[in-house]
Amino acid sequence: MFIPLLRESSRRLPRSRFGSGALISLPFIHHQGIAGPEHEVSCLQSYTGKSHLIQGSTVFESDFERNLFALRQEKLRQIEALGQPAYPNSFAATHSIPELRSTYDNATAEQLDANRINVAVAGRIMAIRLQGKAGFAQLQQNGVRLQIYVRKDAVGDRAFELYKLLDLGDHIGVTGYLFRTRTGELTIHVETITFLAKAMLALPEKYHGLADVELRYRQRYVDLFMNTVLNEGTPAEIPIRDVFIKRAKVLAALRKFFDSRGFVEVETPMMQPIAGGAAARPFVTHHNTLDLDLFLRIAPELYLKRLVVGGIDRVYEINRNFRNEGISTQHNPEFTMLEFYQAYANYWDLMDLTEECINFVAQEVNGSTKTWFNGTEIDLSQWQRLSMREAIIKWWPTEFGAAPSLTTFATPDGLERFLNESLQYLHTHYPQIVTPSSEVQGVDIERHRRLRSLLLLINGQLILLRGDLTPLAEAVMKALKIPGAIPPLPRQPQPLGKTIAGIFEAIAEPHLIQPTIIYDFPLAVSPLSKQKPDEPDWVERFEFYIGGFELGNAFSELNDPEEQRKRFEQQIAQRLRGDDEAHQMDEDYVRALAYGLPPTGGEGIGVDRLTMILTGASSIRDVILFPLLRPRRATPDTENEQPQQEE
RNA sequence: GAGCUCGUAGCUCAGCUGGUAGAGCAUCGCCCUUUUAAGGCGCUGGUCCUGGGUUCGAAUCCCAGCGAGCUCACCA
């Protein structure tokens with residue numbers, strides 16, 4: 001199976017050196033003085049025949065790479081012939097490249113000559129320039145580069161032979177002394193070269209790096225050492241390596257912040273019999289010995305509050321949550337969340353703590369509270385606070401006619417009447433909205449699309465509120481060519497609070513670019529938070545938004561076991577109505593509350609999203625080392641075995 | 001789940017009013033002892049994502065699929 005493939009590919013191998021019949025111009029053939037096509041065929045086959053990688057593997061993209069691998073194997077052999085092991089175990093460096101650069105970047109040529117600095121450093125070759133009997137290369141370590149200068153008369157014949165066998169991407173160690181070149185660049189004048197490891201594959205193009213977004217995610221190892229710059233040409237420009245360095249700093253800063261305030265870091269189950277603490281669909285897994293279905297956690301919330309019951313008054317956890325939802329620039333199925341709980345605190349205390357925390361982390365990570373995100377400068381020290389109802393009123397679109405007032409939200413009837421009026425208003429003032437923007441000429445496409453989606457939104461909310469299609473709503477749906485109701489028709493009208501929250505998200509969220517705390521949420525969307533004493537339909541809860549999306553969610557925790565059980569039952573009722581994100585019953589959690597949870601404030605902060613804000617990365621995948629992607633089909637064989645059977 | 005855009009050499013990209021594929025980097029060979037996106041000369045490298053269709057002829061047009069990005073929907 002392999003041999004025919006080799007022969008086939010052999011025909012396309014380079015023929016330059018040995019004329020028309022030559023198979024491949026392998027340096028070792030030259031060195032051994034063997035010539036002629038027959039020998040070459042047998043040589044290539046004999047040594048590729050020893051390689052599991054070349055024979056059986058799917059790591060190669062092409063014959064080009066397969067051949068390159070074979071050539072590099074031969075170079076390794078020649079390196080061994082020069083007396084250096086192909087895969088040595090260590091190298092004793094005296095400095096790291098970042099150390100050398102930071103220490104001697106300002107040293108003058110005269111200083112370096114007068115006081116010779118002998119060094120031994122290791123790194124990956126990221127640029128190499130041979131010039132006859134001398135050459136330059138750039139070694140990279142931890143994202144920092146340092147030039148080396150190799151002269152044949154300084155390193156000797158053998159070492160210079162080795163230098164000529166080096167390729168882009170190889171790891172080497174060198175000893176020598178620092179000097180400055182004619183053009184002033186800090187450089188190591190090399191005295192010895194130690195071969196450390198070979199790059200058997202070709203590096204991406206040296207100027208542009210790895211630009212293909214998909215390749216960058218799939219082969220993050222390449223992306224990282226190529227260190228491609230994100231947001232090039234903008235104030236938010238940042239090499240990808242620095243994104244992840246900053247991510248590490250975000251985690252360290254968060255720990256520093258909470259540790260210094262007496263919080264205890266804990267780890268609670270990520271495999272849970274009941275996936276609770278949030279509204280989301282969980283992943284399911286199975287424990288064989290116990291024959292038990294388990295859920296990957298969607299939140300640590302209920303376990304952390306059990307710990308507060310247990311007397312850990314200040315507790316936090318930083319870990320992964322898993323939600324079986326769609327993927328977007330703000331969503332990855334697994335994401336990192338900080339959750340913390342503080343006994344005897346309420347949501348007002350947490351608002352202050354949140355502002356302090358984000359401020360602190362920004363300073364630790366960036367040395368500034370200002371950051372660039374999606375083309376806007378954001379100041380993480382300047383916060384505004386609005387209630388959800390105020391936010392809806394504030395950002396009610398002018399195209400929709402009159403904005404609601406605070407009393408609009410008091411009763412379902414009031415809200416329904418208001419939404420109906422808005423729908424009528426839209427319908428009469430913008431009769432063209434129902435036409436798709438692609439079919440309308442001479443209009444502002446963005447505005448048109450916005451109006452259209454707002455029309456849809458109101459429609460949907462009315463349907464949800466009422467549980468049926470009124471004639472006007474039906475007419476709009478028909479005009480918009482929407483088959484059936486969107487969202488799906490509920491059997492009963494949904495609670496008022498859910499509609500209000502839906503309107504808020506659609507209308508206000510995109511405006512929340514600068515840090516904003518939105519407080520007082522409807523009870524109906526908050527099964528775990530405490531009611532406001534004077535407004536029982538509303539709870540003491542806030543979310544904070546930066547850059548147009550939600551970063552955190554906090555509330556005064558519900559600690560009345562009886563009320564908690566009732567909320568669970570309501571959630572179960574919603575579940576039965578088809579809402580599979582509604583909360584499940586957790587009797588043990590209710591039991592824990594029955595032992596007495598002190599008044600407690602709790603909050604969750606999305607660490608990935610916070611990192612996005614602090615690094616200017618506009619996609620969550622740019623702050624996750626290995627974001628979830630569809631697997632690539634492994635081999636050409638399985639490719640052919642897959643008929644197009646899916647609809 | 002829907003819409004838009006993209007998929008050409010290992011990498012970065014041209015070619016897309018249909019005539020059977022090109023550049024730069026990398027690779028390979030030669031020259032070059034202070035270069036730095038080194039330079040010069042020469043060679044090589046492609047199931048143009050996959051499968052159908054239209055056509056005398058498809059990288060190019062049409063359909064379907066696969067993968068990705070963005071926007072929207074859902075959620076955090």
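Note on naming: letters A, B, ... go to the chains in the order of the sequence lines (proteins, then strands), and numbering restarts at 1 for each one.
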N/O donor to acceptor pairs below 3.5 angstrom from side-chain atoms of residues 130-138 of chain A, sequence neighbours left out:
none

Touch class at under 4.0 angstrom, heavy-atom based, for A:Arg218 against every strand present: sugar-phosphate
I'd like a table of atom pairs between the protein and nucleotides 31-33 of chain B - only N or O on both sides, under 3.5 Å - with the distance next to each one.
unit_1, atom_1, unit_2, atom_2, d
B:C32, N3, A:Leu130, O, 3.4
B:C32, N3, A:Gly132, N, 3.4
B:U33, OP2, A:Gln131, O, 3.3
B:U33, OP2, A:Lys133, N, 2.9
B:U33, O2, A:Arg151, NE, 3.0
B:U33, O2, A:Arg151, NH1, 3.2
B:U33, O2, A:Arg151, NH2, 3.0
B:U33, N3, A:Asp153, OD2, 3.1
B:U33, O4, A:Asp153, OD2, 3.3

Could I get the full list of ring-ring contact (aromatic ring centres under 6.0 Å, His included) partners for [X], not counting sequence neighbours?
{"X": "A:Phe322", "result": "none"}
{"X": "A:Phe542", "result": "none"}
{"X": "A:Tyr347", "result": "none"}
{"X": "A:Tyr316", "result": "A:Phe258"}

Summary of salt bridge (Lys or Arg N to Asp or Glu O under 4.0 Å) pairs that have at least one residue in residues 144-154 of chain A, sequence neighbours excluded: A:Arg151-A:Asp153
Salt bridge (Lys or Arg N to Asp or Glu O under 4.0 Å) partners of residues 213-228 of chain A, not counting sequence neighbours, each pair once: A:Glu214-A:Arg218, A:Arg216-A:Asp223, A:Arg216-A:Asp622, A:Arg220-A:Asp223
Which residue lies more 5' along RNA chain B, comparing A:Gln330 with A:Ala202 via nearest heavy atoms: A:Ala202
Residue mapping more 5' on RNA chain B - nearest nucleotide basis, A:Gly184 or A:Pro333: A:Gly184
Contacts of type side chain to side chain contact (heavy atoms under 4.5 Å, CB included), residue A:Arg182, not counting sequence neighbours: none
Nucleic acid footprint by protein, nucleotides 4-9 of chain B - heavy-atom cut-off 4.0 Å, B for base, S for sugar-phosphate alone: ------
Residues that A:Glu317 engages under salt bridge (charged side-chain N to carboxylate O under 4.0 Å, His left out), provided they are two or more places apart: A:Arg297
Residue-phosphate contact under 4.0 Å: A:Thr187 side-chain N/O, B:U35 OP1/OP2: no
Short N/O separations, protein against nucleotides 11-14 of chain B, under 3.5 angstrom:
unit_1, atom_1, unit_2, atom_2, d
B:C11, O2', A:Glu205, N, 2.9
B:C11, O2', A:Gly209, O, 3.3
B:U12, OP1, A:Ala211, N, 3.1
B:U12, OP1, A:Asp212, N, 2.8
B:U12, O2', A:His208, ND1, 3.3

